[in-house]
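Everything on this sheet refers to the single structure shown next.
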Amino acid sequence: MKYRILLISACMTVALGSCVKKLDLQPKDFLQPASYYRTAEELNIALTGVYDNLGTLYSNPIHFRFGFEGDEHWYVKNSPLSGLHIYDYTAAHPDFQSFWNNLYIGIGRANYLLANVDNNVSIDAKVRSRVKGEALFLRAYYYFMLVQSFGGVPLVLEPPKSVNEVDVARATAKQVYERIIADMTEAETLVSSIRELGFGGRVNKSAVRGILARVCLHMAGHPVQDASKYTEARNWAKKVMDDGEAAHGLNPSYAGFFMNLIMDKYDIRESLWEVEFWGNKSDAYTETGSLGDVNGPSSQNTTTGFSYAGIKATADLYYRFEEGDARRNWCIANFNYGTASQPGFFRTYLPAPATRNEAYNRWPGKYRREYEVVLPKNNTGTPTNCPLVRYADVLLMFAEAENEISGPTAEAIAAVNKVRRRGWRTGIKTVSITDGGTGYTSAPAVSFTGGGGTGIRAKATIAGGKVTGITFDNDSIFGNARGMNYASAPTIAFSGGGGSGAAATATIYSPTDADVPATAAAGKEAFRLFLRDERSRELNGETFRKADLLRWGIFVERMHALSATIEKDLGTQTTPAYLYLFIKGFGPNITERNTLWPIPTKEMTLNRALTQNPGW
């Protein structure tokens with residue numbers, strides 16, 4: 001019996017030995033790094049995978065349900081009645097897990113690419129350097145999104161060597177920022193110039209410099225508070241401003257910049273970097289976003305473009321704009337789109353708010369689906385690219401950093417004036433009736449000649465046979481059609497109406513009307529406060545406001561003040577039930593613990609080296 005067992009065992013050993021010799025140890029269900037990254041095409045495919053996470057991150061809730069708009073907008077839907085938008089959540093909320101996952105997936109893809117970019121040294125060194133620079137920057141940018149939201153996080157900088165490498169402790173926020181700056185600084189020497197690329201959808205030198213200015217401002221602010229980074233922020237912004245090859249500048253029209261974006265026209269003078277979206281989900285391109293859908297003027301009209309419209313502007317945002325600031329009526333729509341049964345682009349115009357409570361009922365207007373060129377328009381996705389850094393932002397970051405270092409210098413004020421002048425009206429400021437005339441039985445026609453401008457549409461009003469005033473027609477871009485680009489006041493003439501003798505004079509807006517007021521330029525603190533409002537006027541709805549409030553250390557007090565202001569403005573009798581819940585919920589719910597998101601519960605379970613943020 002023993003002999004038989006030994007014989008069987010020997011036979012099995014031989015058989016198994018034969019199997020082992022024939023066994024293919026190479027897996028068939030995925031590509032090993034050693035056998036990939038062998039051509040320039042494969043490097044670029046891998047890099048596309050790193051970029052892909054930007055599309056996921058900036059495609060939907062970040063624009064209306066993550067609360068990134070801070071004190072600029074309020075959530076208008078009656079569901080969900082808990083979540084990030086009203087600061088009623090736990091660490092188990094799925095949005096936290098999704099955000100965390102997508103960022104670390106992007107980081108993981110970048111790590112594999114960076115570890116293998118030089119597998120084949122016969123690939124053109126310029127190609128490998130460019131790919132390395134873009135991957136380094138994207139990994140750093142993903143870490144920047146993490147550290148802003150969660151504070152210090154695990155710094156994973158290499159592909160895992162074992163499935164057991166799951167317990168990774170958190171680095172401090174300072175350590176994460178230092179790594180971000182180091183990687184972005186290296187990337188700046190490797191990536192292409194924006195002029196060489198010809199479009200802003202790819203990482204380029206201007207984009208890296210602009211984002212580095214932003215990163216340094218955040219590191220200078222809360223919670224790290226490394227004031228030395230103000231100098232670096234100023235220097236990186238100045239590199240963008242002084243780059244003669246890139247020749248960055250502002251689009252002559254504030255609204256025109258966003259029209260170009262919506263119509264898929266690249267504007268690399270102002271747009272340094274943007275997330276690429278395209279398609280209508282019925283063609284070959286399905287990487288759609290949500291700009292104009294979740295955060296645009298509400299619309300059920302498919303010609304205009306359906307808009308779910310999840311947020312409205314706060315009165316605080318509306319009244320941050322001064323009269324003459326043409327940005328207001330582009331950022332906050334002065335109209336409602338028509339119903340599904342009305343013709344496309346039909347609008348009902350809204351009069352100027354008579355009281356503060358009327359200002360809460362206006363849609364964000366920065367992203368308007370009516371300008372989309374990809375047809376037919378899709379109800380749940382838009383092809384509009386998401387801007388991540390604009391030249392206007394660079395000018396404002398430069399001014400802020402310069403002010404923190406040296407106060408409101410002439411150079412800092414000049415940078416802000418460029419932004420404000422671009423956004424200012426250039427048409428008729430006032431009209432004075434100098435003679436009402438006599439005998440008018442109907443309103444006479446009114447004409448404006450000379451002055452070099454265009455675009456005025458106006459009507460005369462009469463009473464008692466006299467001309468009593470001039471009213472300007474509604475305009476969806478500027479609010480009313482007062483004209484644009486006037487160098488001098490035009491001559492006003494009246495004709496018809498059965499009367500005669502009416503006369504009027506006009507004044508026009510001057511570019512200097514937009515300049516930083518003397519009171520705001522009087523000292524560092526005054527200019528600091530002015531810049532905080534100016535960033536909101538220029539950049540509202542572009543996902544920066546909450547992060548700005550946090551780095552300035554005023555997030556909690558500002559959101560409490562907003563909640564109290566809304567309740568004061570609207571009260572309990574006239575407020576819709578869901579807005580009242582918003583007021584009573586998000587204000588009192590916000591405490592210091594909300595300056596950071598909680599580490600997702602699942603991550604705390606999987607990674608035993610993690611520690612939770614305070615208060616969670």
Side-chain angles (χ1 to χ4, degrees), residues 20-21 23-54 56-57 96-123 125 127-147 150-187 190 203 599-612:
V20 168
K21 288 179 182 178
L23 180 65
D24 186 355
L25 297 177
Q26 297 298 319
K28 301 296 185 183
D29 58 346
F30 67 91
L31 291 168
Q32 286 191 313
S35 60
Y36 197 66
Y37 308 102
R38 307 297 298 180
T39 67
E41 181 184 16
E42 290 177 347
L43 291 181
N44 281 314
I45 290 172
L47 182 59
T48 299
V50 184
Y51 273 97
D52 185 62
N53 290 78
L54 286 172
T56 303
L57 290 160
F96 295 134
Q97 186 64 53
S98 175
F99 195 71
W100 179 285
N101 281 352
N102 281 312
L103 288 166
Y104 270 107
I105 288 171
I107 289 166
R109 291 174 178 176
N111 283 341
Y112 272 104
L113 177 53
L114 290 167
N116 293 280
V117 69
D118 291 322
N119 277 4
N120 183 359
V121 294
S122 66
I123 299 173
V127 172
R128 287 183 283 125
S129 291
R130 176 187 57 77
V131 169
K132 178 182 178 182
E134 292 180 42
L136 269 174
F137 175 82
L138 289 169
R139 183 179 71 178
Y141 187 76
Y142 293 148
Y143 272 119
F144 181 46
M145 295 184 77
L146 281 165
V147 75
F150 298 100
V153 293
L155 267 176
V156 181
L157 303 172
E158 295 179 356
K161 296 180 175 61
S162 165
V163 294
N164 296 318
E165 293 182 10
V166 294
D167 295 332
V168 184
R170 300 173 66 175
T172 65
K174 185 174 187 290
Q175 289 169 333
V176 176
Y177 273 110
E178 287 172 342
R179 184 68 198 208
I180 291 167
I181 291 172
D183 283 354
M184 287 189 176
T185 301
E186 182 180 356
L190 302 174
V203 175
I599 304 298
T601 299
K602 182 179 179 181
E603 299 304 316
M604 295 293 296
T605 303
L606 295 174
N607 182 353
R608 291 168 294 179
L610 282 177
T611 56
Q612 186 55 277

* D183: side-chain contact (heavy atoms from CB on, under 4.5 Å) partners, not counting sequence neighbours -> L136, R139, A140, R179
* Going from CD on Q612 to CD on E603, what distance comes out if it is rounded to the nearest 0.5 angstrom? -> 11.0 Å
* **Partners meeting side-chain contact (heavy atoms from CB on, under 4.5 Å) with T172 (sequence neighbours left out)** => K174, Q175
* To do: Kindly write out the residues that satisfy ring pair (Phe, Tyr, Trp, His ring centres under 6.0 Å) with Y142, not counting sequence neighbours, or none if the list is empty.
  => none
* Keeping to residues at least two apart or across chains, list the salt bridge (charged side-chain N to carboxylate O under 4.0 Å, His left out) pairs with something in residues 103-119. => D52-R109, D118-R128
* Asked: Less than 4.5 Å apart, any side-chain heavy atom of I105 and any of T56?
  -> no
* Name the one of T48, I123, N116, N119 that satisfies side-chain contact (heavy atoms from CB on, under 4.5 Å) with L43? -> I123
* For V50 against G106, the heavy-atom pair lying closest together -> CG1-O, 4.0 Å
* Asked: Rounded to the nearest 0.5 Å, what separation is found between the CD1 atom of I599 and the OG1 atom of T611?
  -> 7.5 Å
* If you take all heavy atoms of A110 and A135, which pair is closest and at what distance? -> CB-O, 3.9 Å
* Not counting sequence neighbours, which residues clear ring pair (Phe, Tyr, Trp, His ring centres under 6.0 Å) with Y177? List them please. => none
* Structure fact -> Sequence neighbours excluded, the answer for side-chain hydrogen bond (donor to acceptor under 3.5 Å, both in side chains) partners of Y143 is none
* **ring pair (Phe, Tyr, Trp, His ring centres under 6.0 Å) partners for Y51, two or more places apart** => none
* Got a sec, which residues hit side-chain contact (heavy atoms from CB on, under 4.5 Å) with S98, two or more places apart in sequence or on another chain? -> N102
* Asked: What pairs with R130 under side-chain hydrogen bond (donor to acceptor under 3.5 Å, both in side chains), at least two apart in sequence or on another chain?
  -> N44, E134
* **Step-by-step side chain to side chain contact (heavy atoms under 4.5 Å, CB included) determination, I45 to Y36** => CA-CA 11 Å; I45 290 172; Y36 197 66; 3.6 Å; yes
* To do: Please name all residues satisfying side-chain hydrogen bond (donor to acceptor under 3.5 Å, both in side chains) with S122, sequence neighbours left out, ordered by chain then number.
  => N120
* Asked: Any idea which heavy atoms bring G133 and A187 closest together, and the distance?
  -> O-CB, 3.2 Å
Hey, can you pull the donor-acceptor pairs under 3.5 Å for the side chains in residues 152-163, sequence neighbours left out?
from: E158; atom 1: OE1; to: K161; atom 2: NZ; distance (Å): 3.2
from: S162; atom 1: OG; to: N164; atom 2: N; distance (Å): 3.0

* Asked: Going through the distances and angles, do F96 and W100 end up as a ring-ring contact (aromatic ring centres under 6.0 Å, His included)?
  -> CA-CA 6 Å; F96 295 134; W100 179 285; over 10 Å; no
* Indicate the atoms forming the closest heavy-atom contact of V127 with A40, along with that distance. => CG1-CB, 4.1 Å
* Starting from the C-alpha separation in whole Å, work towards a yes-or-no answer on side chain to side chain contact (heavy atoms under 4.5 Å, CB included) for L57 and F99. => CA-CA 7 Å; L57 290 160; F99 195 71; 4.0 Å; yes
* Asked: Can you name the residues that form a side-chain contact (heavy atoms from CB on, under 4.5 Å) with K602, not counting sequence neighbours?
  -> Q97, L606
* Output the distance between atom CG (L190) and atom CZ (F137), rounded to the nearest 0.5 Å. => 13.0 Å
